[in-house]
Number of protein chains: 2
Amino acid sequence: MEYNITRKERDCIVALYENSGFPLRLFNIADILKIKAPTAYELVKRLESKNIINKTNGIISLTTYGISIYDEIIMAHRTLELILTKSGVNSDTACEQIERIDYLMDDVSVQKLFKSLGQPQTCPHGKPIKVN
Amino acid sequence: MEYNITRKERDCIVALYENSGFPLRLFNIADILKIKAPTAYELVKRLESKNIINKTNGIISLTTYGISIYDEIIMAHRTLELILTKSGVNSDTACEQIERIDYLMDDVSVQKLFKSLGQPQTCPHGKPIKVN
DNA sequence: CATATAATTAGTATAATACTAAAATATATA
DNA sequence: TATATATTTTAGTATTATACTAATTATATG
């Protein structure tokens with residue numbers, strides 16, 4: 001636990017998880033993140049060196065560690081999203097807002113928030129909150 | 001009013017407001033932020049160019065715009081701090097956690113959160129939440 | 001094999017952060 | 001006032017993250 005990532009690294013981790021239905025190569029990541037291949041190359045290299053992702057025959061996927069980071073991000077995301085939407089914030093606005101901060105949240109705090117919300121099983125969009 | 005600042009800029013704004021009891025010069029800011037004078041110089045120059053702070057005879061202070069940014073930061077800070085502490089997060093932990101994100105919050109969302117909390121007059125430390 | 005696709009390297013750029021060392025300026029004290 | 005001290009500014013360097021273009025290399029497909 002206790003990871004330290006940047007915003008683009010966060011977006012890459014989320015993209016990898018959420019598009020894991022088919023094999024993702026560098027150019028797919030560049031497409032999804034709307035960046036050019038060399039930029040994606042650097043990003044991927046950084047994430048590889050942090051042991052967050054893994055490249056096998058050009059197919060990029062999250063490592064176990066990477067998945068655990070994703071889990072924490074998405075847990076924070078959905079918990080905060082729920083708090084905001086409960087207060088009347090539109091769910092798209094909430095989502096955009098939370099994307100900027102979810103990867104900066106301390107997991108212990110998020111867990112406490114989650115419990116105080118009654119451990120909801122779904123977020124405002126209906127997706128399950130807890131993954132593992 | 002949609003501002004865009006960095007973490008160090010945030011810290012500088014907060015430091016300026018919270019130490020406004022006596023005139024603050026460059027070396028005071030460097031001391032408070034625990035950075036060297038040339039680093040503080042660059043930071044201050046950046047904030048000046050954004051019209052957030054003002055330097056008169058070497059005395060640095062927040063502009064009206066700078067104060068309005070401080071108000072938004074602190075509003076976000078205290079609102080989020082309250083949510084975390086209510087969930088059982090220790091207030092020092094909450095404070096450290098929130099410092100990383102308060103300046104990234106959208107004011108409209110914060111206002112809604114604040115209202116849903118019943119517009120509390122004080123934060124966990126007893127300081128008044130709304131400044132203006 | 002030739003061509004198309006994809007990945008990589010090289011080179012450049014910007015913003016934010018941060019430092020040291022030196023120079024310039026200002027202020028204070030003898 | 002002259003010197004000493006304090007403060008600011010400049011110059012130069014470094015790192016990390018981000019992002020680009022252009023060129024090259026590798027791989028795959030027809």
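Every heavy atom of this structure was used, including side-chain atoms; hydrogens, water molecules and symmetry mates were not. Quick caveat, the model's predicted, so the values are computed rather than measured. Sequence lines set the chain letters: A, B, ... in the order given, protein chains first and strands last, and positions in each chain run from 1.
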Pairs of donor and acceptor atoms involving the side chains of residues 21-31 of chain B, under 3.5 Å and at least two apart or interchain, shall be tabulated with distances.
from	atom 1	to	atom 2	distance (Å)
B:R25	NH2	B:N57	O	3.1
B:N28	OD1	B:R25	N	2.8

Suppose the criterion is salt bridge (Lys or Arg N to Asp or Glu O under 4.0 Å): which pairs have a residue in [range], not counting sequence neighbours?
range	answer
residues 47-68 of chain B	B:E9-B:K50
residues 57-66 of chain A	none
residues 59-68 of chain A	none

Could you tell me which residues satisfy salt bridge (Lys or Arg N to Asp or Glu O under 4.0 Å) with [X], sequence neighbours excluded, listed by chain and number?
X	value
B:K86	none
A:E96	none
B:R7	B:D11, B:E99

Could you identify which residues of residues 27-43 of chain A place a heavy atom less than 4.0 Å from some atom of DNA chain D, listed by residue number, or say none? A:I35, A:K36, A:P38, A:T39
Length of the line joining [X]:[atom1] and [N]:[atom2], which is rounded to integer Å:
X	N	atom1	atom2	answer
B:I5	C:dA15	CD1	C1'	15 Å
B:L24	D:dT7	CG	C1'	15 Å
A:R7	D:dT16	CZ	C1'	18 Å
B:L26	C:dT25	CG	P	16 Å

When you compare the protein's N or O atoms with those of nucleotides 25-30 of chain D, which come within less than 3.5 Å of each other, and at what distance?
none

Quick check on contacts: within residues 50-62 of chain A, what sits under 4.0 Å from DNA chain C by heavy-atom distance? A:K55
Side-chain donor/acceptor pairs under 3.5 Å, residues 34-41 of chain B, sequence neighbours excluded:
none

To the nearest 0.5 Å, what is the distance between CZ on B:R10 and OH on B:Y3? 9.0 Å
Once side-chain contact (heavy atoms from CB on, under 4.5 Å) is applied, do any residues pair with A:A94, and if so which ones, sequence neighbours excluded?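 Checked A:A94 against side-chain contact (heavy atoms from CB on, under 4.5 Å); matches are A:E81, A:L84, A:T85, A:V89.
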